[in-house]
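Heads up: numbering here begins at 1 and tracks the sequence.
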Amino acid sequence: MGTVRKLVVEVIEARNLLPKDGHGTSSPYVLVDFYGQRRKTRTVTRDLSPQWNEMLEFNVGKPSDVFGDMLELDVYHDKSIGPTTRNNFLGRIRLSATQFVKKGEEALIYYPLEKKYWFSWISGEIGLKIYFVEQLVVPTEVKAEPKQAPPAEPTEAAPEGEKPNSIQEEPPAQVVENPTAVEAELPAKEAENPTSVLMDPPLEDEFTQVKRSVSLGSIPEVKVSNNINIVTGPRPISRASSVIIFDARSGPIEPSSFDLVEKMHYLFVRVVKARSLPTVGCPVVKIVVSGSHVVSKPARKTVLFEWDQTFAFGRDAPDSSSLLEVSVWDPSSAKSFDPTSDVAGHVFLGGICFDVSEIPLRDPPDSPLAPQWYRLEGGGAHRGDLMLATWVGTQADDSFPEAWKTDTASNPASKSKVYQSPKLWYLRSSVIEAQDISQLTHNSKESSYHIKAQLGFQVQKTKSIPTAGTGSPSWNEDLVFVAAEPFTENHLLFFLIETDRTAKEQTVLAVASIPLTTIERRVDDRKVASRWFTFEDPNEEKRVYKGRVHLRLCFDGGYHVMDEAAHVCSDYRPTARQLWKAPIGTVELGIIGCKNLLPMKGKGSTDAYAVAKYGNKWVRTRTISDSLEPRWNEQYTWRVYDPSTVLTIGVFDGCSEVVFESDECMRPDFRIGKVRVRISTLTTGKVYRNTFPLLLLSQAGLKKMGEIELAVRFIRATPTLDFLHVYSQPLMPMMHYVMPLGIVQQDSLRIAAVKIVGSHLTRSEPPLRREVVTYMLDADSYSFSMRKVRANWFRIINVIAGVIDIVKWVDDTRGWKNPTATLLVHALLVMLVWFPDLIIPTFAFYVFVIGAWNYRFKSRDTLPHFDPKISLAESLDRDELDEEFDALPCTRPNELVRARYDKLRMLGARVQTILGDLATQGERVQALVTWRDPRATGIFIGMCFVAAFILYLVPPKMVSMAFGFYYLRHPLFRDRMPSPALNFFRRLPSLSDRML
């Protein structure tokens, strides 16, 4: 049996449709068109808010230029029921297939109906559920030949995180015996097309790819070469070569797939299998080239001796006279061998030699070189053959990620990998009330109820309700958790707890367990139906009724689950895939290498690797062992949905003590430094290749750990107007404004999200360590620091410095320090007073001139990075630095804590004085009309009456002119003492004299 994909459209209901029958109602039906297939619902008679609750199925076909991938839904009034106007159109919606999800992720979404024509009058919205399903297909003929099967239409998309690497023929259509094989054989050109209706809901890494990640090991474009002289494999020295040889230095190996980084040449040797070897053991293969030697793992004994292992030897300085020696040895004992171990005492079975200068190049658009059988010479294998392939390539080769490399020292955790953050949801649980719990209580008047909800490590509690007189306690509180897919791992637990305030004891009376898979999902603020759940005895194995609790549970897909700090967030999309908008472009990152790194280990070396994070995609370069100037030259690509996002790159020192993949290093991965790149600062299409300092702030102070060289490029994929329109859109999804979360609640949820992401990535292979995730997500950025307090204060001063400069300029102008400028200001005042319509245009033109003038100082080559001067990290107080990195709760001696507390009290006293002065000025303004000082209030309202009378009689232009000339009068006509108005204001009373 096979599977076939179908698109299911559940038409639920519509709201507030227009009347079309002339009697204030309509008889609507829905017509859905997808991929040339039309389905129609029944007609609901005379109802402007009809409910259909019908399920329409569509076959998912191959991509077509005729039909496209749009789902069109039209709502019409049925003309056969009652009178109607000529136009029976009630509205339409058009949806792209990239918005559809698979079954289980669907949610009820209300789409506003759109117009068909410019002057159409449309209102209302329609509620739909749209998702893909996989249905079993029974083959018509079990023994039918595959060639006789009809052409394939339904196929499955590649799973998340995987992409096909080559173009293959489409499998037979109706009979699919192995669905996973169909996934693997999906054509690459379809996987690269995000609008294909054959695909699952669009994946995080699927976009019209400009470049392909190194770690994926695949080529973004597949070409058919017309060169008849392609070499399929190397030839041994002892045989005459009849093929055309390519020199490794004759030209570029890869044209443009990795144009941001430098090409690194490698000699690849793929050892596949051997036959006819005179041994019953598990032989190994030894490879020697340019002073490097490596031993393969022991062969797997089947009909043949199989290794299927690839080795990559660096070719930074190729030697044309060097030889490649491949030999087969029979070990004295069959056991696991380290790739760098010696083979002394092994029996030589035979070998082959190749001239490295005659090994062919592999051009990346070509398919992998086919391995060939070579007769082993020398030793005891007179008839033994070894199948292998050798070629020269770059880090773009698809065999590179999984190959053994000379610069990684055979560390299993050194491979380049791409990771995906788990899909996070906000789980909203509304605790309404409980019933039938009176028999559980101890009838104590000093007791109270509360509900404790637990999801994994997250625990939240409701308020306490007194036990007396509450047979059915009511809470009506919302508890929000962070949950990660898949939802089959955890249950949401609700504990009914009784607290005895006299004895200060808590007793768990009952518990309710709710599987996460049964909870409804929503993408807006609609009300979800509440349900009753049964309480059970936590101490009994059998299910015993202990009351029930009334809950409203739902997954809120309209929020973006924050796992990063808001000011350095890399993604603002909501959780629900249906609400995602089209990407606006791609950002390409080339991680070239580091230099001048400080040694992180006692042996004076560093095992450095880099991690980059943007959105929910993480990438990790390979670990370069024992090098203070590692060169990675790896390139990655991300889709960009919002320009106001940040790409984060971190460098770490890995653990080199791991020998096998199953081993775990107990030493943490130390931080070396971090770089942030804001996407909005990148010019479209420009390559920024810069060297950034790696700065690390620790308890020892600020230290420069080295430098990292990066290449960044942003490519816009949308029209210019659409790209600029993004700046006018809300930064966060709609639910953050409709049902906002509190600041404290957001912080706690972010901490939980960081823990979940760290736990998920730690389970990968190789793992992304928890300390790496914490550093990349800035999980400790909210810790208290006197350094940050002072730095933020200076930032505020820097912001208002412009206002202070304007005040100083006005004071100098009215002081006639520059008479020419003062006379020009008088002329400007006369012009603006007599022509007030020029005030706003003049101000706008002035701002334009300032912006155009500052364009000269725009940074054109370098990207902004961490600034120690702004951070006040250059000159630090040791005690403040120790306080910043102190954990919670404090672990320092009591005397040191007391001294810090006294210092904080002094700072708090200054803040207290400033707040008191601000409150005093505001209370004096209120005292003008509140009659706290009767004489002052009488003077003020009397002056207001006189001013109103004068302004009624005198034109406003004359008053403004007189006031302006009076304010700008020469210092000879000005008194040195404060003005009467200021003296009057300072005499007004405030409430400061009433404070204790």
Discussion item. Walk me through whether Val480 and Leu749 qualify under side chain to side chain contact (heavy atoms under 4.5 Å, CB included).
Written reply: CA-CA 8 Å; Val480 183; Leu749 292 175; 3.8 Å; yes
Is the shortest side-chain N to carboxylate O distance from [X] to [Y] below 4.0 Å?
X: Arg892; Y: Asp882; result: yes
X: Lys674; Y: Asp778; result: yes
X: Arg622; Y: Glu634; result: yes
X: Glu771; Y: Arg667; result: no
X: Asp626; Y: Lys601; result: no
X: Glu134; Y: Lys102; result: no
X: Glu520; Y: Arg526; result: yes
X: Glu884; Y: Arg787; result: yes
X: Glu105; Y: Lys129; result: no

Worksheet entry | Check against salt bridge (charged side-chain N to carboxylate O under 4.0 Å, His left out), Glu709 and Arg631 | CA-CA 9 Å; Glu709 186 177 1; Arg631 308 296 290 180; 3.7 Å; yes
Please report the interatomic distance [atom1]([X]) to [atom2]([Y]), rounded to the nearest 0.5 Å.
X: Arg522; Y: Asp556; atom1: CZ; atom2: CG; value: 4.0 Å
X: Thr499; Y: Gln506; atom1: OG1; atom2: CD; value: 4.0 Å
X: Arg620; Y: Ile591; atom1: CZ; atom2: CD1; value: 12.0 Å
X: Ser785; Y: Glu883; atom1: OG; atom2: CD; value: 7.5 Å
X: Ile514; Y: Asn490; atom1: CD1; atom2: CG; value: 13.5 Å
X: Met732; Y: Met734; atom1: CE; atom2: CE; value: 13.0 Å

Do [X] and [Y] come within less than 4.5 Å of each other through their side chains, counting heavy atoms only?
X: Leu777; Y: Lys613; result: yes
X: Leu597; Y: Ile672; result: yes
X: Val646; Y: Ile679; result: no
X: Leu881; Y: Leu697; result: yes
X: Leu516; Y: Leu427; result: yes
X: Val261; Y: Gln395; result: yes
X: Val619; Y: Lys417; result: no
X: Gln454; Y: Phe495; result: yes

So, [X] side chain and [Y] main chain: donor-acceptor pair closer than 3.5 Å or not?
X: Thr606; Y: Leu598; answer: yes
X: Gln99; Y: Arg577; answer: no
X: Ser530; Y: Arg552; answer: no
X: His560; Y: Arg573; answer: yes

Worksheet item: Quick one: is the NZ or CZ of Arg428 closer than 6.0 Å to the six-membered ring centre of Phe555, and within 45° of its axis?
Response: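 Not flagged: Arg428 not positioned over aromatic ring of Phe555.
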Practice prompt. Please say whether the positively charged group of Lys405, taken as NZ for Lys or CZ for Arg, lies over the ring of Phe400, i.e. under 6.0 angstrom from the six-membered ring centre and within 45 degrees of the axis.
Written response: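 Cation-pi check for Lys405 and Phe400: passes.
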When you check the side-chain N and O atoms of [X] and [Y], is any donor under 3.5 Å from an acceptor?
X: Asp886; Y: Thr891; value: yes
X: Asp478; Y: Ser430; value: yes
X: Thr462; Y: His450; value: no
X: Tyr572; Y: Thr645; value: no
X: Asp653; Y: Tyr609; value: no
X: Ser421; Y: Trp618; value: yes
X: Glu402; Y: Thr310; value: no
X: Thr774; Y: Arg770; value: no
X: Glu485; Y: Trp425; value: yes

Discussion item. For Lys452 and Gln460: C-alpha separation, side-chain torsions, deciding distance, then whether side chain to side chain contact (heavy atoms under 4.5 Å, CB included) applies.
Written reply: CA-CA 6 Å; Lys452 182 180 76 172; Gln460 297 191 36; over 6 Å; no
Item to complete: Could you check Phe481 against Ser748 for side chain to side chain contact (heavy atoms under 4.5 Å, CB included), going step by step and ending with a plain yes or no?
Response: CA-CA 9 Å; Phe481 300 91; Ser748 62; over 6 Å; no
Minimum heavy-atom distance [X]-[Y], with the two atoms named:
X: Gly104; Y: Arg521; value: O-CZ, 3.1 Å
X: Tyr419; Y: Leu761; value: CB-CD2, 3.8 Å
X: Ile432; Y: Leu551; value: CD1-C, 4.5 Å
X: Leu696; Y: Met705; value: CB-CG, 3.7 Å
X: Ala576; Y: Val523; value: CB-CG1, 3.4 Å
X: Val561; Y: Ala753; value: CG1-CB, 4.1 Å

Fill in: By salt bridge (Lys or Arg N to Asp or Glu O under 4.0 Å) - contacts of Glu536 (at least two apart)
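Glu536 satisfies salt bridge (Lys or Arg N to Asp or Glu O under 4.0 Å) with Arg543 only.
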Discussion item. Applying side chain to side chain contact (heavy atoms under 4.5 Å, CB included) to Arg750 and Asp563, what does each step give before you reach the verdict?
Written reply: CA-CA 5 Å; Arg750 177 175 174 257; Asp563 57 352; 5.5 Å; no
Fill in: Derivation and outcome, salt bridge (charged side-chain N to carboxylate O under 4.0 Å, His left out), residues Asp571 and Lys617
CA-CA 10 Å; Asp571 190 12; Lys617 176 181 175 181; over 6 Å; no
Worksheet item: Counting only heavy atoms not in Lys461, do more than 12 sit closer than 6.0 Å to its NZ atom?
Response: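 Not buried by this count: 12 neighbours or fewer within 6.0 Å.
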Discussion item. So, using side chain to side chain contact (heavy atoms under 4.5 Å, CB included) as the criterion, who are the partners of Lys755 when residues are at least two apart?
Written reply: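 Only Phe457, Ile751 meet the side chain to side chain contact (heavy atoms under 4.5 Å, CB included) criterion with Lys755.
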Discussion item. By the ring pair (Phe, Tyr, Trp, His ring centres under 6.0 Å) test, which pairs, at least two apart or in different chains, include something from residues 736-775?
Written reply: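 Non-adjacent pairs meeting ring pair (Phe, Tyr, Trp, His ring centres under 6.0 Å): Tyr559-His736, Phe652-Tyr775.
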Discussion item. For Phe535 and Phe494, I'd like to know if the aromatic rings sit close, meaning centre-to-centre distance below 6.0 Å.
Written reply: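 Not close enough - the centres of the two rings lie 6.0 Å or further apart.
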